[in-house]
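What follows is a short report on a single structure.
Lettering follows sequence order; numbering is per chain, from 1. Atom set for the values below is all heavy atoms of this structure, side chains included, hydrogens, waters and symmetry mates excluded.
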Amino acid sequence: MPDFKNASAGSNATGFSAMLDRRQLLLGAAGAAIGAATLGVASGLGIRTARAADRTEISFASASFFGKEGIGDLVKAYNESQDRIMVKFIELPPPSSSTEVYQGLIQQLARRNGTPDVFSQDVIWIAGFAAAGWALPLDEYFPKEKRSDYFPGTVAACTYDEKLTALPWFVDSGMFYYRKDLVEKHGGKVPDTWDDMATMAAAAQKAGDAKFGYLWQGKQAEVLICDAVEVITSNGGSILAHDGKSSIIGEKAAVEAIQFLYDTINKRKISPQNVLSWDEEPSRQPFTSGEAMFMRNWSYVYPIAQDPKASHVVDKVAVAPLPHFAGGKSAACLGGYQLGVNANSKKREAAIEFLTWMSSSETQTRLALNFGLAPSRPAIFQDAKLKAEQPFMASLQNVFTGATPRPITPQYAKVTLALQSGISKALVSGNVQAELKATAEQINKIVA
Amino acid sequence: MSLGSVSFYPIVNGVYLSFTNRSLITQDNDFVGIANYLQLSADPSFWNAWWHTIWFTTASTGLETLIGLVMALILCEAFSGRGIVRAAMLVPWAMPTVVTSKMFGWLFDGQHGIINFILLHAGLIDQNVNWYGAPETALTTIILADVWKTTPFMALLLLTGLQTVPKSLIEAARVDGARAWTIFWNIRLPLLLPTLLIAGLFRALDAFRVFDLVYVLTGGGPADSTETLSTLSYKILFSTLQFGYGSAVSTAMFMTEGVIALVFCLFLVRQLRKTT
């Protein structure tokens, strides 16, 4: 029993910084070697290159995303594209170890020594980093008119206390997967409202076309908050009040929304009771094996659904914005990583320049093509190459337009634990009103 | 000195942290006295986790001791292939707990789990049970997984205890016409009691720290029904980075373990006095 605990806790707390330093060292050495090599090649070709010593050196910390290439390759491309700035990449664990990435970043930022100069962060950390004074406000570098190039939900998530403290990088969001063949058979039109969706799902289930009508994620975990934000917002409700100082999750709009989730299992019976212990993957499996009609999930599911080796529903699946309540608007929970500048960075100008490059249309297109990470700039979705190579991603523009951030508060880590516990209790007991009221009171104590 | 730095310093520092409001994210680091403990005593999620941990410890240790004892008694007898059986018995214990957790996750899966399949076909249930998704069954299932994994460890400890019982005593009793049950109850069990207590103590302290089974299988849900002190303090310490309050939870956990150890030791001392 103690083996796993020690392994994870130990490496988090103490081993981590040591490991990082070692990695930094290695990367530094590798970077120097590459630099020297390119220098040699470049001067051999007779191209004028500034010596490494003349360049401003900054560091960039990011979770390691991988596709056809890695973030390290991206940084290298930047270093080769100009001769004034040299970026050193500090590699953090992959995004699946989100807690470790979070700790790794905080340990470095809390030292306030300016390393890393630039970093990437999950949308839910932005407010915390800003409130701690670690993130440089970016308003003077990216005035309002420049921000309209990005999805509004992403800009909202990057804004804390009316200051822009992060720059949008790439996005993901919850989306509505449906089976084209079953929708065709049961009415022909992709449902707009939750009510239509439930009726259609029940009909398909009754006809024996699908074992499950609708799959979502009810495990007491972060993903439950995403599912909850989506239904609550689609009923015009919210978790936090507009000023962020109190919770309105106990009010009618939110209660109705969570009640709907409860009803999918207990009243309308379009979701199995198992969704209460399912996160993304367990809910994805029945869908791609052809047992379900509708599902809420992230964009990663689509390539799996189209892979004949892993899926029984190749070419039968499509994606739409999630349904909403009558009179409400579709909402999708915003995910993805955004960029930030360390407030203690001593090389601000260089940091901003690198940041601008990272978030530029060109780099975002490259991220989309080579990493499968969706752009935060709507304009890129019209790109011909993207449409040709990643037609699915190009079709998601309308899904991301409705993307809604999770509660923006520096206390998000505490708020989400309270929400996970409270919403899980509501879904298990069916005592929605009372449990959400209690949750609201608890959150009030945290954010007040 | 080195012993002090690796074991004493972390404990003292942990206790010290529990008297501060240290948090990485809010940058607070002030001495707040017993404020964390006052908050703790009024925190329903702490008591919820405390009771779950106590229940988990009692139930798993109790079951493991009973089943382990039966296994030890069987393995004590001479039969062909005993060596292989003894070695095979240790397989569950040798497996990493994360692997065990994943395995039980599939066994008890609500849709395709073999447990549901067997029970359904035996007519014991009339529809699939969602073992991990229902608060009534989630903790019990985790206890079962723990029993499966750790009973061999208990059996092994008790087996060594049984082998220290002098054979001559048992033979003498047999000659006097005592039946197997009488021999067990009057000779083996009393002589085994110190071993039993020590094994129980080891197991109880280990069970009290349960983390990996819960973390992998349920993450504390549904509705907090499987939250234990280890998973709760992990969440407070490493997700919300409240080092002060999290240390208070850990210290409370440490104190509870101390009490458990003390109770076992009292019994043990009494037992040793009686026999010597």
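Within a 6.0 Å radius of CH2 in B/W93, other residues, nucleotides and ligands contribute 12 heavy atoms or fewer. Summarising the local packing, CD1 of B/I34 is surrounded by 12 or fewer heavy atoms from other residues, nucleotides or ligands at distances under 6.0 Å. In B/F31, the CZ atom is crowded: over 12 heavy atoms of neighbouring residues, nucleotides or ligands sit closer than 6.0 Å. Summarising the local packing, CZ of B/F264 is surrounded by more than 12 heavy atoms from other residues, nucleotides or ligands at distances under 6.0 Å. A 6.0 Å sphere centred on OH of B/Y37 holds more than 12 heavy atoms belonging to other residues, nucleotides or ligands. Shown here is B/W47, whose CH2 atom has more than 12 heavy atoms of other residues, nucleotides or ligands within 6.0 Å. B/L90 CG: more than 12 foreign heavy atoms inside a 6.0 Å radius.
A/E435 does not touch chain B: none of its heavy atoms, backbone or side chain, sits under 4.5 Å away. Heavy atoms of A/E222 lying under 4.5 Å from chain B are absent altogether. Contact annotation for A/A131: neither backbone nor side-chain heavy atoms come within less than 4.5 Å of a heavy atom of chain B. For A/T99, the part lying under 4.5 angstrom from a heavy atom of chain B is the side chain only. Using a 4.5 Å cut-off between heavy atoms, A/P286 makes no contact with chain B at all. Neither the backbone nor the side chain of B/L237 comes within contact range of chain A; no heavy atom of the residue lies under 4.5 Å from a heavy atom of that chain. Within the 4.5 angstrom heavy-atom criterion, atoms from both the backbone and the side chain of A/K414 approach chain B. Contacts between A/Q285 and chain B at a heavy-atom distance below 4.5 Å involve the side chain alone, from C-beta outward.
Scanning all heavy atoms of the two residues, the minimum distance from B/P222 to A/V428 falls at CB-CG2, 3.7 Å. When all heavy atoms are compared, the tightest approach of A/S277 to B/G133 is CB-CA, 3.6 Å. Residues B/A134 and A/Q273 come closest through the heavy atom pair CB-NE2, 4.3 Å. Minimum interatomic distance between A/I106 and B/L241 (heavy atoms only, all atoms of both residues): CD1-CD1, 3.0 Å. The minimum heavy-atom distance between A/K219 and B/V216, with the atom names listed, is NZ-O, 4.2 Å.
Note that OG of B/S239 and CD of A/Q420 are 8.5 Å apart. Values are rounded to the nearest 0.5 Å. With rounding to the nearest 0.5 Å, the separation of NE2 in B/H112 from OG in A/S289 is 6.5 Å.
Note: A/W134 leads A/Y412, A/W134, A/W278 in heavy-atom pairs under 4.5 Å with chain B. For the set A/D279, A/V275, A/N274, A/T416, the count of heavy-atom pairs under 4.5 angstrom toward chain B peaks at A/N274. Interface check for chain A: of the options B/T218, B/D109, B/N128, B/T240, the most heavy-atom pairs under 4.5 Å are formed by B/T240.
Counting heavy atoms from C-beta outward, B/D224 and A/K425 have side chains that approach closer than 4.5 Å.
Side-chain contact annotation: B/Q111 with A/K211, donor-acceptor N/O pair under 3.5 Å present.
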